[in-house]
Amino acid sequence: MKGDGRCLKLFLALSILFLQNVKGGSHSHSLRDAKVTVRCIERERQALLAFKRGLGDELNQFSLWGSESQKQDCCRWEGVYCSNQTGHVIQLDLGDLFFQGKMISPKLIELQHLQYLDLAFIDFNGSQIPDFIGSLTNLRNLSLYYCNLVGQIPSSFGNLTQLQHLDLSNNQLQAENLNCLPALSSLTYLDLNGANLSTVFDWPEAVLNKRPKLIS
Ligand SMILES: *[C@@H]1O[C@H](CO)[C@@H](O)[C@H](O)[C@H]1NC(C)=O
Ligand SMILES: *[C@@H]1O[C@H](CO)[C@@H](O)[C@H](O)[C@H]1NC(C)=O
Ligand SMILES: *[C@@H]1O[C@H](CO)[C@@H](O)[C@H](O)[C@H]1NC(C)=O
Ligand SMILES: *[C@@H]1O[C@H](CO)[C@@H](O)[C@H](O)[C@H]1NC(C)=O
Ligand SMILES: *[C@@H]1O[C@H](CO)[C@@H](O)[C@H](O)[C@H]1NC(C)=O
């Protein structure tokens, strides 16, 4: 009887040890998994949150974007795509959401690896296209279609030498000249429909001769 009791105690002690090990093991395992799956880069997450604040978000369409712990991984946010290799945000696709915004936040400049930016149908309330867009030099596709943007097309666009697809149509934009266009040597699609080009008297030859596919 007495021996059985000792045996039981020993068994219980061993069981507890075993359970603690299993628990500890699975705990560190889930931590490791979390590290592997959260690809989002903190600076870029902050930039996206600043961009979201600049939109106003009255309709709260971005409820899936957040700073709460279960929403840390901005690579999983709606419309946000990261590189599988580097974790950098390479695509921001918010076109066709149709809502009232305020401005394009300058924090967007942090997304230096962005290749694709589609903000079509976001109403930026008659603000200007910020100059800094021209420093997102990895951009290949840029759509600001129907964004209620006014003013000049920034000459900094001449820095977007990788740009293939550029749609600035259906805003109230103006261009004094199109001097930046020849620098856009990768461009295969250009839509400036609705822009006031009446003061452009010096059409770059590159536009007139070499790019029959361009729409304007
Ligand atoms: C990146 O990974 C996701 C999820 O595993 C996959 O759906 C997607 O196709 C991958 N993209 C590239 C460019 O490999
Ligand atoms: C839009 O611009 C107008 C005039 O500049 C301003 O009064 C209004 O507050 C702005 N709306 C938003 C949502 O920022
Ligand atoms: C564009 O490039 C020029 C010359 O490389 C540079 O001086 C200018 O600051 C750049 N503009 C932007 C908006 O990055
Ligand atoms: C980006 O632009 C290119 C050139 O116009 C086009 O072929 C491609 O489909 C666009 N990519 C996306 C994801 O829309
Ligand atoms: C286009 O811009 C010119 C020069 O600023 C201006 O005189 C003209 O009224 C504008 N046209 C339209 C349709 O806004």
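A quick note: this is a predicted structure, and the numbers were derived from the prediction, not measured. Every number for a ligand or one of its atoms is a count from 1 in the order of the listing.
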Check your understanding: Does Q152 CD have over 12 foreign heavy atoms under 6.0 Å away?
Key -> yes

Review point. Under the criterion side chain to side chain contact (heavy atoms under 4.5 Å, CB included), which of L173, L166, L181 is the partner of I153?
Key: L173

Revision key, fill the gap. For residues 94-110, the salt bridge (Lys or Arg N to Asp or Glu O under 4.0 Å) pairs (sequence neighbours left out) are R43-E110

Check your understanding: Looking only at distance, does N141 have an N or O less than 3.5 Å from an N or O of ligand 4?
Key -> yes

Show the atom names and distances, to 0.1 Å, of all donor-acceptor pairs under 3.5 Å that link a side chain in residues 86-93 to residues at least two apart or in another chain.
residue : atom : partner : partner atom : Å
T86     : OG1  : S83     : OG           : 3.2
T86     : OG1  : H88     : N            : 3.2
H88     : ND1  : E44     : OE2          : 2.7
H88     : NE2  : H113    : NE2          : 3.3

Atom pairs and distances, side-chain donor-acceptor, residues 118-127, under 3.5 Å, sequence neighbours left out:
residue : atom : partner : partner atom : Å
D118    : OD1  : A120    : N            : 3.0
D123    : OD1  : N125    : N            : 2.7
D123    : OD1  : N148    : ND2          : 2.9
S127    : OG   : F124    : O            : 2.8

Revision key, fill the gap. So the atoms of ligand 2 within less than 4.0 Å of a heavy atom of K102 turn out to be 12 (C), 13 (C), 14 (O)

Practice item. Can you sort out which atoms of ligand 4 are near T188, meaning under 4.0 Å from one of its heavy atoms? Key: 4 (C), 5 (O)

Exercise for review: Quick one: sort the W65 and W77 rings into parallel, tilted or perpendicular, breaks at 30° and 60°.
Suggested key: parallel

Check your understanding: Going hydrophobic residue to hydrophobic residue with side-chain gaps under 4.5 angstrom, can you get from L114 over to Y81?
Key -> no

**Study point:** Nitrogen or oxygen atoms of Y189 and ligand 4 under 3.5 Å apart
**Key:** no

Practice item. Mind jotting down which protein residues get a heavy-atom contact under 4.0 Å with ligand 5? Chain and number order, please. Key: Q174, N196, S198, T199

Check your understanding: Are the side chain of S156 and the backbone of F132 linked by a donor-acceptor contact shorter than 3.5 Å?
Key -> no

